[in-house]
2 protein chains.
Amino acid sequence: MATLSAAQLREHQRDEYNAFLAQCPGHQLLATLSDKWVTLVLAALADGPLRYSDLSRTIPGASQKMLTQTLRKLERDGLLTRTVTPSVPVRVDYEITALGRTLLPIQQAIKNWAETHIEQVHRARAAYDRGDAG
Amino acid sequence: MATLSAAQLREHQRDEYNAFLAQCPGHQLLATLSDKWVTLVLAALADGPLRYSDLSRTIPGASQKMLTQTLRKLERDGLLTRTVTPSVPVRVDYEITALGRTLLPIQQAIKNWAETHIEQVHRARAAYDRGDAG
DNA sequence: CAGGATCCTAGTCGATACTG
DNA sequence: CAGTATCGACTAGGATCCTG
């Protein structure tokens with residue numbers, strides 16, 4: 001017990017590194033951005049506020065659970081606001097915040113890169129899959 | 001069998017939508033970029049080629065499996081090259097490609113946003129968790 | 001040194017049913 | 001209408017052992 005085994009040591013380093021990564025702002029943002037539904041919700045709200053059911057119709061791929069979960073996360077991060085109108089039935093509007101809007105150019109940049117270079121990537125994949133070494 | 005149940009219909013729409021998303025270049029790129037290790041590998045190679053063991057030391061958080069898997073994926077996408085030198089023992093160098101380099105500005109943009117706005121996000125989270133409605 | 005193959009766990013996602 | 005709660009399927013990721 002004087003020293004740690006090599007495996008334990010590596011595990012320790014890994015944990016430390018991962019803890020460090022978890023704190024890295026870049027990766028926090030990436031974790032948010034990489035969420036499939038986040039981008040779609042943000043994009044959907046770019047044109048103006050929407051109600052829950054509108055969002056659910058705009059993004060048919062998302063289950064109720066995922067949609068709600070995504071909305072909560074974004075609200076928590078201050079990227080959108082949730083406004084409840086206590087009528088009968090209830091009405092809830094979601095609106096993107098100024099902070100959320102600053103994210104849109106980044107999404108756009110990603111989209112642009114993708115549209116510009118996706119062909120190259122696809123060709124590279126095809127070559128790789130063909131077993132093309134030279 | 002004349003009509004589909006509501007559940008089946010929704011499921012169908014979901015599938016279609018997800019198939020559409022899978023084809024969307026932006027989401028393909030996002031799927032790549034969002035991979036924790038991809039960013040790190042790309043960043044590590046930005047300064048010059050590295051060997052497998054170098055990478056593994058630079059990124060202690062990645063397991064062998066994840067590292068290899070990530071490298072293969074990036075090679076397949078044409079974002080880096082893998083060069084084997086058949087000496088004893090074998091030597092393998094990984095180098096970022098021109099295409100891969102075009103991705104770096106985007107990573108940088110993300111990093112910049114994160115560093116600029118992460119504070120706001122953290123404050124928003126704290127307020128949310130405090131149950132701060134107004 | 002660089003990785004392939006295998007097993008296994010933990011978290012994610014979706015379907016379903018119920019509530020104010 | 002706008003959710004919440006729960007359960008099961010799936011799979012990404014990590015540990016481990018083994019090879020050229």
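Numbered from 1 within each chain, the chains take letters A, B, ... in sequence-line order.
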| field | Pairs where residues 18-43 of chain B contributes a residue and the test side-chain hydrogen bond (donor to acceptor under 3.5 Å, both in side chains) is met, not counting sequence neighbours | value |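 Output for this query lists A:His27-B:Thr39, A:Thr39-B:His27, A:His122-B:Gln28, B:Asp35-B:Lys73.
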When you measure from the side-chain N and O atoms of [X] to the phosphate of [N], is any distance below 4.0 Å, counting only OP1 and OP2?
X	N	answer
B:Ser53	C:dA2	yes
B:Arg82	C:dA2	no
A:Tyr94	D:dG3	yes

| said: Quick check: on DNA chain D, is the nucleotide nearest A:Pro89 upstream (toward 5') of the one nearest A:Arg72, or the reverse? Name the residue that is more 5'. | reply: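 Nearest nucleotide further toward 5': that of A:Pro89.
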Calculate the interatomic distance between [X] atom [atom1] and [N] atom [atom2]; express it in whole Å.
X	N	atom1	atom2	value
B:Leu71	C:dC1	CG	C1'	14 Å
B:Arg57	C:dA2	CZ	P	8 Å
A:Asp15	D:dG14	CG	P	11 Å
A:Leu67	D:dA2	CG	C1'	10 Å

| task | Taking only the side-chain heavy atoms of B:Gln64 (C-beta and beyond), determine which of C:dC1, C:dG20, D:dC17 contains the nearest atom. | result |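 Between C:dC1, C:dG20, D:dC17, the one nearest the side chain of B:Gln64 would be D:dC17.
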| said: Could you tell me if the side chain of A:Thr83 sits less than 4.5 Å from the side chain of A:Glu95, heavy atoms only? | reply: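 Contact flag for A:Glu95/A:Thr83 side chains = no.
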| request: Please examine the side chains of A:Val84 and A:Arg82, heavy atoms only from C-beta on, and report whether any two atoms are closer than 4.5 Å. | output: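 Counting from C-beta outward, A:Arg82 and A:Val84 do come under 4.5 Å.
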| When clusters are formed by joining ILVMFWY residues with side-chain heavy atoms under 4.5 Å apart, either directly or through shared neighbours, do B:Leu74 and A:Trp113 land in the same one? |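 Yes, one cluster joins them.
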Atom pairs, protein N/O to nucleotides 13-15 of chain C N/O, distance under 3.5 Å:
| residue | atom | partner | partner atom | Å |
| --- | --- | --- | --- | --- |
| C:dG14 | N7 | A:Lys65 | NZ | 3.3 |
| C:dG14 | O6 | A:Lys65 | NZ | 2.4 |
| C:dA15 | OP2 | B:Arg14 | NE | 3.2 |

| said: Could you measure the distance from the CD1 atom of B:Ile59 to the CG atom of B:Leu40? Nearest 0.5 Å is fine. | reply: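 Reported to 0.5 Å precision, the distance equals 5.0 Å.
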| said: Between B:Tyr52 and B:Thr68, do the side chains contain a donor N or O and an acceptor N or O under 3.5 Å apart? | reply: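 B:Tyr52 and B:Thr68 do have a side-chain donor-acceptor pair below 3.5 Å.
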